[in-house]
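First the structure, in the form of structure tokens, and then the observations on it.
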Amino acid sequence: MPELPEAERARQQIARVVGREIVAVDDSDTYVCRPHAPGEIAQALLGRRLTAAHRRGKFLWAETDDGGPDLGLHLGMAGRIAVDEDPAPNRWDRFVLEFAGGGRMALRDKRRLGRAVIEPDFSHVGPDAAEVSRDMFRARVGRGSLALKAKLLDQGVIAGVGNLLADETLWRARLSPRRIAGELDQDELDHLRRQLRAATRDAIREGGVHTGRFVQARGRGGTCPRCGTGLDRATIGGRTTYWCPRCQPS
DNA sequence: AGCATTGTTTCACA
DNA sequence: TTGTGAAACAATGC
């Protein structure tokens, strides 16, 4: 599930525990907490408080008090942040903070592709897809020979777009996922950015990328919500991609 | 049984 | 340097 809209909801959850004293840390999942050894994150956080919750694309991090280290979190393919909920039954809470007074925050992740790390490095992460300026978007997205879909999925170009949001955005913008990024003109790039922002804003408001009109129609045998044409399907940028061949001509 | 899956990283290679 | 594709990661669901 998690793309930028889900990550933003997760950030809001993290913000709820800002100011609470951390009295226990479960960092025993060595895969989710890699490369840290068990207890390393605990030692860095025990007794501290989170002071702010931030997000860039799908990457989350929280500042800590007294010059403590940042705590980086990523939801991976199936994670979410559970605040003050009962512990998950099947050890799906991969990383947990417990607070004075009994509350808790868990990275709840059926798979284990989420991450929890101290002092995260975002040097290779592009600007947030919902915040990127028009000029920055033109310069970063509108170059190179990659297919447009692959370009949007590259977190180093712009951060936050996943497979579903990419398809939703391209459908809204009436652009083929196969178009070459560097061949779009300025008007097309500006239009694409507008549609990306709109699709992202709608998804955050409606509760996730799954609420998108196109995402709901997306799938084997799906038809275009606008014109009823059967959707095309192919692997682009390593991900299964759907598009309307009529609305989004190559 | 086999295949697919919303994410990221790494690697071999062109 | 830039780009491509595949594999790996882990686990679940159809």
Side-chain angles (χ1 to χ4, degrees), chain A residues 1-11 28-36 55-61 72-81 88-95 107-117 120-126 128-129 139-171 177-183 196 199-200 202-204 206-222 231 233-243:
Chain A
M1 276 182 54
E3 299 190 28
L4 190 155
E6 288 76 16
E8 173 56 22
R9 298 208 138 208
R11 190 196 64 77
S28 57
D29 190 315
T30 54
Y31 186 73
V32 168
C33 297
R34 71 189 183 283
H36 300 295
R55 177 188 61 74
R56 187 151 125 218
K58 307 168 196 170
F59 295 87
L60 299 157
W61 75 99
L73 294 169
H74 195 289
L75 302 176
M77 191 108 80
R80 69 184 187 89
I81 299 294
N90 293 321
R91 325 193 107 211
W92 288 337
D93 289 344
R94 311 294 185 179
F95 176 79
L107 170 59
R108 187 161 295 181
D109 184 11
K110 281 190 183 182
R111 318 209 173 136
R112 291 162 69 199
L113 296 175
R115 285 295 287 278
V117 65
D121 174 21
F122 299 134
S123 58
H124 298 300
V125 179
D128 187 87
R140 293 184 151 260
V141 177
R143 62 184 297 274
S145 57
L146 272 177
L148 198 44
K149 166 80 181 260
K151 199 77 173 176
L152 291 176
L153 290 178
D154 187 339
Q155 305 300 301
V157 175
I158 52 169
V161 180
N163 199 31
L164 301 180
L165 186 58
D167 281 3
E168 176 78 24
T169 296
L170 289 169
W171 175 76
R178 290 200 150 122
R179 290 282 301 280
I180 302 305
E183 293 179 357
L196 173 56
T200 304
D202 289 352
I204 292 173
E206 301 295 327
V209 287
H210 279 96
T211 60
R213 271 183 85 195
F214 185 76
V215 171
Q216 295 191 340
R218 204 185 101 105
R220 66 279 174 241
L231 301 181
R233 171 197 157 130
T235 297
I236 305 175
R239 320 291 303 192
T240 301
T241 301
Y242 291 89
W243 73 97

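For the numbers below, each heavy atom of this structure counts, side chains included, while hydrogens, waters and symmetry mates do not. Predicted, not measured: the structure shown is a model, and the values here were computed from it.
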Contact check, side chains of [X] and [Y], non-hydrogen atoms, under 4.5 Å:
X       : Y       : answer
L231(A) : F214(A) : yes
K58(A)  : H74(A)  : yes
K149(A) : D167(A) : yes
T241(A) : L170(A) : no
W243(A) : R178(A) : yes
I236(A) : L153(A) : no

Distance, rounded to the nearest Å, where [X] contributes [atom1] and [N] contributes [atom2]:
X       : N       : atom1 : atom2 : result
L113(A) : dA7(C)  : CG    : P     : 17 Å
L164(A) : dT5(B)  : CG    : C1'   : 10 Å
L148(A) : dG3(C)  : CG    : C1'   : 16 Å
D109(A) : dT6(B)  : CG    : P     : 16 Å
L165(A) : dT6(B)  : CG    : C1'   : 11 Å
R108(A) : dT6(B)  : CZ    : P     : 24 Å
R91(A)  : dA10(C) : CZ    : C1'   : 16 Å

Identify whether any heavy atom of [X] sits under 4.0 Å from a base atom; if not, whether one sits that close to sugar-phosphate; answer base, sugar-phosphate or nothing.
X       : answer
G114(A) : nothing
G76(A)  : sugar-phosphate
R80(A)  : nothing

Under 3.5 Å donor-acceptor, [X] side chain and [Y] backbone:
X       : Y       : value
E8(A)   : I204(A) : no
R91(A)  : A88(A)  : no
R115(A) : R34(A)  : yes

Range-with-range stems of DNA chain C (Watson-Crick or G-U pairs under 3.5 Å, three or more in a row): B:2-5 with C:11-14, B:7-14 with C:2-9

Identified side-chain contact (heavy atoms from CB on, under 4.5 Å) partner of L196(A) from the options I158(A), V141(A), L4(A):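 Exactly one pass, corresponding to I158(A).
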
Identified side-chain contact (heavy atoms from CB on, under 4.5 Å) counterpart of K151(A) within the set V157(A), V161(A), I180(A):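 Running side-chain contact (heavy atoms from CB on, under 4.5 Å) over V157(A), V161(A), I180(A) with K151(A) returns exactly one hit, V157(A).
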
Under-4.0 Å side-chain N/O to phosphate OP1/OP2 contact, T240(A) with dA4(B):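 T240(A) to dA4(B) OP1/OP2: no side-chain N or O under 4.0 Å.
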
Please produce a list of atom pairs where a protein N or O lies less than 3.5 Å from an N or O of nucleotides 11-14 of chain C.
{"from": "dA11(C)", "atom 1": "OP1", "to": "R112(A)", "atom 2": "NH1", "distance (Å)": "2.9"}
{"from": "dA11(C)", "atom 1": "N3", "to": "R111(A)", "atom 2": "NE", "distance (Å)": "3.1"}
{"from": "dG13(C)", "atom 1": "OP1", "to": "K110(A)", "atom 2": "NZ", "distance (Å)": "3.4"}

Check: protein-nucleotides 8-14 of chain B nitrogen or oxygen pairs below 3.5 Å:
{"from": "dT8(B)", "atom 1": "OP1", "to": "H74(A)", "atom 2": "NE2", "distance (Å)": "3.2"}
{"from": "dT8(B)", "atom 1": "OP2", "to": "K58(A)", "atom 2": "NZ", "distance (Å)": "3.1"}

Residue met sooner reading DNA chain C from 5', once R143(A) and T235(A) are mapped to nucleotides: R143(A)

Distance, P atom - from dA6(C) to dA4(B), rounded to whole angstrom: 13 Å

Between dA7(C) and dC3(B) - P atom distance, rounded Å: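 Per the computed distance, 13 Å lies between those P atoms.
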
